[in-house]
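Just below is one structure, and these are the notes that go with it.
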Amino acid sequence: MELKKNSILLFFTAFLILGCKDSEKSKPEQETKKSDSYILVKDWPDLPDNFTLGSPTGLGKDTNGNIIVFHRSGRTWDSMPISHLPLITKNTISTIDSKTGEILKSWGKNLFIMPHGLEVDNHNNIWVTDCGLHQVFKFDSDGNLLMTLGEAKVSGNDSLHFNLPTDVAVSKDGSFYISDGYENSRVAKFSKEGKYLFEWGKFGNEKGEFNIPHGIDLDNEGNVYVADRENNRIQKFDDQGNFIALWQNKITEQLYSVTIDPKKNHLFGTDYMTVHDTTVKGSDIFRFDLDMNLEMQFGRTGFYDGPISRYHNILIDNEGSIYVGDILGNGIQKFQLKKAE
């Protein structure tokens with residue numbers, strides 16, 4: 001009799017366990033059907049045969065919705081130091097029609113050694129960082145130089161120098177933040193006139209510390225999001241550099257970039273994965289809410305039919321489409337948003 005009771009108990013226990021597993025398994029499938037999706041747009045952009053894109057390391061958009069790309073035009077980053085390299089003799093900044101993929105204009109020859117980050121502010125000024133020159137530049141939309149920060153080819157960690165700066169983020173009031181960078185593990189804030197205000201961060205993996213702050217962006221409230229690349233995480237700060245939160249990517253080795261979709265209040269990021277430093281697995285794209293709760297993920301792990309890629313930077317346009325600069329294939333990919341029904 002006791003054996004029979006035990007058998008019945010085991011049966012119901014197994015039934016409950018299997019039922020829970022089936023329920024958990026079906027839940028993501030139901031959520032996937034209801035969630036947004038992104039479709040890779042084929043044959044975008046429409047580049048002429050004589051155009052050399054090179055590594056597209058920086059992406060931005062102007063007030064007309066056009067995509068601005070900062071690219072290396074054939075220059076490769078093979079070893080350090082890079083400051084001894086000559087200026088790139090071809091154009092490095094291009095404006096692309098977001099819908100047709102047509103190049104509208106290009107400029108930037110004989111200005112840069114190693115293009116990296118790019119930001120377009122609300123007045124269509126174009127901000128870029130050059131790791132080879134250790135400098136940050138502000139241009140108007142026609143390519144006229146408006147501001148230079150840092151000393152050409154001279155690295156440092158004070159208020160007047162950078163050491164391989166990586167990216168720029170500009171506030172609504174014109175003040176701006178520079179992630180600096182490969183050698184200096186800090187974020188520095190400047191007034192709209194370019195006056196040094198303050199900085200935070202040092203090398204490490206504790207909260208508020210960095211191991212290559214590689215990308216930076218701001219939300220509508222002025223909070224600062226930093227792609228802490230070698231710590232493989234995103235950190236969130238207020239406009240004074242006070243730590244708020246972080247999201248830790250536990251799968252790969254590097255988290256490359258962040259961007260904010262100010263219309264939807266979404267945070268996006270990209271990572272990159274290799275196995276034993278030899279087998280390239282590629283990148284994923286992540287979407288979060290502004291509390292850094294992960295909402296969706298695709299690319300290397302699925303829901304993607306493109307080539308293996310290494311996404312260095314990411315941008316969201318006015319229609320919610322995603323653009324990523326692939327420095328493995330030296331191209332730009334566009335993912336069109338398909339809203340859930």
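One is the number of the first residue; the rest follow in order along the sequence. Quantities reported herein were computed from a predicted structural model and do not represent experimental measurements. Below, all heavy atoms of this structure are taken into account, side chains as well, without hydrogens, waters or symmetry copies.
The pair Asp305-Lys42 counts as a salt bridge, with a side-chain nitrogen and a carboxylate oxygen less than 4.0 angstrom apart.
Both cation-pi conditions hold for Arg229 and Tyr256: the charged atom is under 6.0 angstrom from the six-membered ring centre and inside a 45 degree cone around its axis.
When the shell of 6.0 Å around NZ of Lys99 is examined, it contains 12 or fewer heavy atoms from other residues, nucleotides or ligands.
Side-chain atoms of His161 and Ser155 form no donor-acceptor pair, as typed in the model, at a separation below 3.5 Å. No side-chain donor from either of Ser283 and Asp271 sits under 3.5 Å from a side-chain acceptor of the other. At a cut-off of 3.5 Å, with distance as the only test, a side-chain donor of Glu295 or His266 sits close to an acceptor on the other residue. Between Tyr272 and His312, the side chains place no donor N or O within less than 3.5 Å of an acceptor N or O (distance only, hydrogens not considered). Ser309 and Gln333 are linked by a side-chain donor-acceptor pair at a separation below 3.5 angstrom, with hydrogens and angles left out of the test. Counted by atom type alone, Glu193 and Ser191 present one or more donor-acceptor pairs between their side chains at under 3.5 Å. With hydrogens and angles left out, the side-chain atoms of Glu151 and Gln135 include no donor and acceptor closer than 3.5 Å.
There is a path of hydrophobic side-chain contacts, each under 4.5 Å, that joins Ile178 to Tyr196.
Outside the 6.0 Å centre-distance limit, the rings of Phe335 and Tyr323 are not counted as a close aromatic pair. For Trp247 and Phe286, the distance between ring centers is under 6.0 angstrom.
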Kindly indicate, with the supporting measurements, whether the criterion side-chain contact (heavy atoms from CB on, under 4.5 Å) is fulfilled by Phe139 and Val128. CA-CA 8 Å; Phe139 299 89; Val128 296; 4.0 Å; yes
